[in-house]
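Report on the following structure.
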Number of protein chains: 2
Amino acid sequence: MNSQEEVNDFVKNGHQQYLPHLSIDPVIIGYHDQQLKVLLLKWIGLNGWGLPGGFIQRREPLSQAAHRILHERTGLEDLFLQQFHIFGDSPYRVQERSVNEFNETYGLAIDGNTWLFERTLSIGYFALVDYSKVSVRTDFFTVDYQWWDVSEIPPLLFDQNEVVEKALATLRLQIYHQPIGYNLLPEKFTLPEIHTLYETILGKKLDQRNFAKKLVGLGLIKKLDEQRAIGPHRSPYLYQFEKDAYENALKQGIVHTY
Amino acid sequence: MNSQEEVNDFVKNGHQQYLPHLSIDPVIIGYHDQQLKVLLLKWIGLNGWGLPGGFIQRREPLSQAAHRILHERTGLEDLFLQQFHIFGDSPYRVQERSVNEFNETYGLAIDGNTWLFERTLSIGYFALVDYSKVSVRTDFFTVDYQWWDVSEIPPLLFDQNEVVEKALATLRLQIYHQPIGYNLLPEKFTLPEIHTLYETILGKKLDQRNFAKKLVGLGLIKKLDEQRAIGPHRSPYLYQFEKDAYENALKQGIVHTY
DNA sequence: TTACAATCCGTAAATTATACGGATTAATTT
DNA sequence: AAATTAATCCGTATAATTTACGGATTGTAA
């Protein structure tokens, strides 16, 4: 959706295709350079940042819509993508937005009965992605994108800061009950890599040896007979997730600490 | 809403007052007779059971709507009420319902453009209530109510069984991280009472002594200098929740097992 | 007074989590 | 070729937590 006609059609007739009052707002979390990053899009005109959201088609199952939107925005499929909350309390989601402001910003001339200006509740999903595999696509409303360090998220449009915060809080809680990393790390990774990933997510130091013991002990990762060259130092062994144990732990849950 | 005119107005004009495509479906969990019970309403005509749901007013914050609906149905206020999922995948929530079936059931004659027949996503909340304090109110669509033991939930309308199951699963998970009981037990309760409550929720035996040690050790409950007469047996001491520690644990979360 | 049935209480063993440092290695530099 | 560097690798001892377990006590009814 990039031509002016497409946009006009979307704004005027989108309600025929999409459910009004609802948007899906994925918090796309990537990992790079030992830091957690969140993908944000820059809105045209509004001069602010927001989540790469989308709408639900009228007969499309909700989870399918979430995957579709993520795919449209990032090109990624088969991701860890999890619904964590629906937001409908903040003023932005109760009051309708200003039509005039919108028309001015986008050079449109639509009236106030348009579906887009009705109150919209936001369904929060979070996804864990391999940072390097993402190719972001912007659309008519968004002009730029950027990966933001989680500690430096700017004030977001549409009260979305609370969405991001809740996503991260959910992730931190969840890491105690579910294995995480399958979608954040390359297929083969080293102990130090997964170790610092967990430290980054939890925001605290974890003892290397105990951490490795735990993960291997749970059978979630296994050591390979390969090493990776990493400059003038001892080469670390490579590890891999045990798919079966991993999937199982995702379903069953784990009870432990790291 | 009980007169025929009110109902007609609701069906025809409800969309002016309520957000379409969304319903709030609370799983109201009560505790009685050492069993967890769920409050279900019996639909007229459809001859089936369902959750005591409601709709969100157009400018009403989401959580406020949830509390209002709960209050309308049960007369209760200030409850532990928590959103846990939004359901939009099951066929019922993707396909629109049959108008004819509806008209036949309720003796109405409305056309298919009515908001009620559009696809509806269901926002799941669960509430923990003191069984004895609830006074259920039915409405035009529902003729009867009943507390059902969680192990005996019948097939529900609108694919709501998955809503109930997920509510219970969430509760069981949550009990490891948050104190539970404040809204399920009377103000003063005995150790055996709270002990069996936890056993009931978790569906497994918990050692009495260790359980009491844990809760007292965490400072969540405190022993009172009173006892309760319970027939021809030794009188148990009464306990009370420590409000401050309880609230704090609700916010901070607990890491432990029982 | 006795019988009964439920409550109350404390310690020992097992498991799990935490703390901790020295030997090894691969590449680069000398 | 040897020395240097910086990162990986590994195992054991201590602390903390969880689990296991039974006998003495109490209030009422018979």
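Letters A, B, ... are given to chains in the order of the sequence lines, protein chains preceding strands, and every chain is numbered from 1.
Summarising the geometry, the separation between CG on B:L215 and C1' on C:dC8 is reported as 16 Å, rounded to the nearest angstrom. Atom CG in B:N210 sits about 16 Å away from atom P in C:dA14, given to the nearest Å. When the P atom of D:dC10 is taken as reference, atom CZ of A:F211 falls 15 Å away, rounded to whole Å. Atom C1' of nucleotide D:dA20 and atom NZ of B:K205 are separated by 16 Å, given to the nearest angstrom. With rounding to whole Å, B:F189 atom CZ is found 16 Å from C:dT7 atom C1'. Spacing between atom NZ of B:K214 and atom C1' of D:dA20 amounts to 15 Å, rounded to whole angstrom units. One can place CD of A:Q208 at 9 Å from C1' of D:dC9, the figure rounded to the nearest angstrom. Spacing between atom CD1 of B:I230 and atom C1' of C:dA5 amounts to 9 Å, rounded to whole angstrom units.
Judged by distance alone with a 3.5 Å cut-off, a donor-acceptor contact links the side chain of B:R209 to the base of D:dC21.
Within residues 220-229 of chain B, no residue approaches DNA chain D, by heavy-atom distance under 4.0 Å. Within residues 231-242 of chain A, the residues having any heavy atom under 4.0 Å from DNA chain D are, by residue number, A:P232, A:H233, A:R234, A:P236, A:Y237.
The salt bridge (charged side-chain N to carboxylate O under 4.0 Å, His left out) test applied to B:D130 returns B:K133, not counting sequence neighbours. Qualifying salt bridge (charged side-chain N to carboxylate O under 4.0 Å, His left out) partners for B:K188, counting only residues two or more places apart in sequence or in other chains: B:E226. By the ring-ring contact (aromatic ring centres under 6.0 Å, His included) test, A:F189 is found to be paired with A:F241, residues two or more places apart in sequence or in another chain being considered. Under the ring-ring contact (aromatic ring centres under 6.0 Å, His included) criterion, A:Y239 pairs with no residue at all, not counting sequence neighbours. Evaluation of the ring-ring contact (aromatic ring centres under 6.0 Å, His included) rule for A:H67 yields no partner, not counting sequence neighbours. In terms of the side-chain hydrogen bond (donor to acceptor under 3.5 Å, both in side chains) criterion, residue partners of B:E199 (sequence neighbours excluded) are, by chain and number, B:H195.
Ring to ring, A:H85 and B:H85 are not that close: their centroids are 6.0 angstrom or more apart.
The salt bridge (charged side-chain N to carboxylate O under 4.0 Å, His left out) pairs that include a residue from residues 241-250 of chain B are B:K222-B:E242, B:K243-B:E247, where partners are two or more places apart or lie in different chains.
Using a 4.0 Å cut-off between charged side-chain N and carboxylate O, B:E193 and B:R228 make a salt bridge.
Dashed line: the shortest gap from a side-chain N or O of A:K213 to OP1 or OP2 of D:dG11 is not under 4.0 Å.
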